[in-house]
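Notes follow the structure.
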Amino acid sequence: MSLMKHALLLATAALASLAHAQSASPDFTRCIEGLRSDARAARVQDETFTRFTQGLQPDMSVIDKLNFQPEFRMAIWDYLSALVDDERVAEGQAQLQQHAQTLARVQQRYGVDPATVVAVWGVESNFGQNFGKHPLVQALGTLSCFGRRQAYFRGEFFATLRILQAGHIAPERLVGSWAGAFGHTQFMPSTFERLAVDFDGDGKRDLMDNTADALASTANFLDKAGWQSGQPWGFEVQLPAGFSTAGEGRRSKRPMSEWIARGLRRVDGSPLPAQIGNAGLMTPSGPQGPAFLVLRNFDALFSYNAAESYGLAIAHLADRLRGGGPFTTPWPTDDPGLSRAERRELQGLLVLRGHDIGEIDGALGERSRAAIRIEQQRLGQEATGRGGQKVLRALRGA
Ligand code: CA
């Protein structure tokens, strides 16, 4: 895109959002004021409500995020290659050392091992480096008044006001994701109220600025989700030739003895432990890709974010933090995904070719994907806009 056209588009977008803010404001103020009595019924004092909602402006970008439909479903190997890469393993191991004493006390209290707790921390907020940028009262206030699921978000909005009312977190510190997840552990406000703990005993449950509270809250979450102390999450397994995975899944659990009898083994060839409870067979990329037998603890990880790919990211990162290697069975693709270091390298190569992709941040956003598409076309590759090994190798060599 020419610079001129780009500037024009930016100007148009700025005007549009200005118009949006101006027109939305009276409606928004009326809507928020209309929530006051419901808030009161939800144990938010009038004083609190006034203090945190006075002059509040909507943030319509969260409604865009709410309505966003991804252009394609991300393949699991792309999802995992950025979440569980060498960088995150190295950082996680450093965090394990730095917080060894706290993590040992957390394990004693909640029965969840340090690697699992740190893996959740790494996936949720990159060990406290990525909390999200949306002021929570503004984001949840907006979601309470516009768009889908207003009733749900109102509950979270009131919970946010109660958290501020109780003084757990400084108001100016309370920022998070567009949907209201915040802090080291990315808890929703209602999750905070149910499960956050004050582990250092200063009277506040502070998931923004207190690592001990955050790590303990994560462990408490998993404990309440049914974590079984000393049990693994599961294993990567080898399926016997011709094995049918039809009808199998995380939820159709069978005794381990049955899996053993059907010929499944661990990928290193060793036998599966027979006395370890029931397990479900997960093949997230079909029978040709990696296969996993998952136990009860995998379900606890799953409940943190209700996605099997998410659970697998935590489980795998925890294994890697304990010194384990990458999965043994390759993903069924001839174009594997990129680590964050490789994504940054790819972005650098795109910049060298004159593309304006914004910040080199290792996240392949819209502008990076548009540039990748152009380069793929030029290289005679299929113009998908996806950053994988093929386009990276081709640009390295060019
Ligand atoms: Ca505390």
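Each ligand, and each atom within it, is numbered from 1 in the order the structure gives.
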Atom of D213 closest to the Ca ion (ligand 1), considering N, O or S atoms: OD2
For N/O/S atoms only: which one belongs to D198 and is nearest the Ca ion (ligand 1)? OD1
NZ/NE/NH1/NH2 to OD/OE distance under 4.0 Å, D361 and R340: no
Can you establish whether the number of heavy atoms outside K133 located under 6.0 Å from its atom NZ is more than 12? no
Nearest to the Ca ion (ligand 1) - the N/O/S atom of D200, by atom name: OD1
Please determine whether K204 has a backbone or side-chain N, O or S atom lying under 3.0 Å from the Ca ion (ligand 1). yes
Can you confirm if the NZ or CZ of R149 lies within 45° of the ring axis of F153 and under 6.0 Å from the centre of its six-membered ring? yes
Greater than 12 external heavy atoms within 6.0 Å of R396's CZ: yes
Not counting sequence neighbours, which residues clear side-chain hydrogen bond (donor to acceptor under 3.5 Å, both in side chains) with E308? List them please. R250
In D202, what N, O or S atom is nearest to the Ca ion (ligand 1), if we give its atom name? OD1
